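Keep in mind the model is a prediction, meaning the values are calculated, not measured. When a residue number appears, it is its place in the shown sequence, counting from 1.
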Amino acid sequence: MTVYWTDFASPLGRLRVSADDVGLTSLYMEAQRHGPTSPHPSWIRDDDRFIDVRRQLDLYFSGRLQVFDAPLNAAGTPFQREVWAALATIPYGEVRSYQQIAEHIGRPGASRAVGLANGRNPISIIVPCHRVIGASGALTGYGGGLERKRMLLDLEGGLASEPELPIPAVAP
């Protein structure tokens, strides 16, 4: 299957997006852990294919879009895909802990595995892995870096959460 790609500037730095004929396969930030450093040689650059995705991201970064509607086609294990689907259910402006995600997918003992799957999310921002924090309320690992995670959470209105998850104040 042919994979297409583009990259463009954003408030978080350069973003590289790829897709096949089914949907988005990746959205990586520059220097993101687990992300490719360059497009695969077989990929075809096609900026026009991503006009709507770029429009949605621009609206998101300007605070005018809370839910993306781009079709997705991320490759991953069945468990990873289950975790990524759970991430997509976290509402804009809210956060969940790794434990809450594990419970959501019916695997309460798998919070560590959820963390690993979360870290391998290939479609950052749109599949909101930045909305997952530690059980203590601390900002924990993020493939794009904690500064970017903080920027995304601040954009969405801070660290709002479910009442049972205490969120301590975090210094800027």
Side-chain angles (χ1 to χ4, degrees), residues 1 3 10 12-13 15-20 22-37 40 53 56-57 60 65-172:
M1 186 172 288
V3 176
S10 82
L12 300 176
L15 299 178
R16 176 163 295 133
V17 185
S18 66
D20 57 22
V22 176
L24 293 180
T25 56
S26 70
L27 188 165
Y28 286 107
M29 295 171 240
E30 189 172 25
Q32 181 173 335
R33 188 177 18 188
H34 307 302
T37 56
H40 189 275
V53 171
Q56 288 185 51
L57 287 163
Y60 170 80
L65 180 82
Q66 296 183 1
V67 178
F68 294 93
D69 68 1
L72 308 178
N73 192 27
T77 67
F79 180 78
Q80 287 172 326
R81 293 171 68 98
E82 185 177 19
V83 169
W84 301 336
L87 298 177
T89 69
I90 304 171
Y92 180 95
E94 295 186 22
V95 294
R96 299 292 185 269
S97 70
Y98 298 100
Q99 182 62 45
Q100 287 173 312
I101 298 297
E103 291 168 359
H104 178 83
I105 64 171
R107 299 173 189 225
S111 60
R112 195 173 213 121
V114 164
L116 292 172
N118 190 61
R120 292 289 183 168
N121 171 23
I123 305 178
S124 299
I125 305 166
I126 293 174
V127 176
C129 53
H130 61 277
R131 296 180 189 155
V132 182
I133 61 173
S136 69
L139 293 186
T140 56
Y142 185 62
L146 289 181
E147 182 176 310
R148 287 177 174 151
K149 183 172 189 166
R150 163 59 70 192
M151 288 174 63
L152 291 167
L153 291 173
D154 286 348
L155 170 72
E156 294 184 7
L159 292 175
S161 68
E162 292 184 326
E164 69 269 19
L165 181 64
I167 306 296
V170 179

Looking at CD of Glu30 and CG of Leu12, how far apart are the two atoms once the value is rounded to the nearest 0.5 Å? 11.0 Å
Smallest heavy-atom separation, Gly134 atom then Tyr98 atom, equals N-CE1, 4.2 Å
OG on Ser26 to NE2 on His40, rounded to 0.5 Å: 12.5 Å
Separation between CD of Glu94 and CD of Glu156, rounded to the nearest 0.5 Å: 10.0 Å
Enter the distance from Leu24:CG to Asn73:CG here, rounded to the nearest 0.5 Å. 9.0 Å
Roughly how far, to the nearest 0.5 Å, is the OH atom of Tyr92 from the CG atom of Leu65? 8.5 Å
Does Ile105 reach the side chain of Phe79, with side-chain heavy atoms less than 4.5 Å apart? yes
Just by modelled atom types, is the Ile101 backbone N or O under 3.5 Å from a matching donor or acceptor in the Arg96 side chain? no
Is there a donor-acceptor pair under 3.5 Å between the side chain of Lys149 and the backbone N or O of Cys129? no
Answer whether the closest heavy-atom distance between the side chains of Val83 and Leu116 falls below 4.5 Å. no
Any donor and acceptor pair, going by atom type alone, linking the side chain of Asn121 with main-chain N or O of Val127 inside 3.5 Å? yes
Does Ser111 use its side chain to pair, donor to acceptor, with the backbone of Ala102 at less than 3.5 Å? no
Side-chain (Gln99) to main-chain (Pro108) donor-acceptor, under 3.5 angstrom: yes
Taking every heavy atom of Ala86 against every heavy atom of His104, the minimum-distance pair comes out as CB-CD2, 3.5 Å
Over all heavy atoms of both residues, which pair between Met29 and Ser124 is shortest? Give the atoms and the distance, please. CE-CB, 3.8 Å
In this structure, OG of Ser10 is separated from CD1 of Ile125 (nearest 0.5 Å) by 6.0 Å
Hey, does the side chain of Asp154 reach the backbone of Gly157 with a donor-acceptor pair shorter than 3.5 angstrom? no
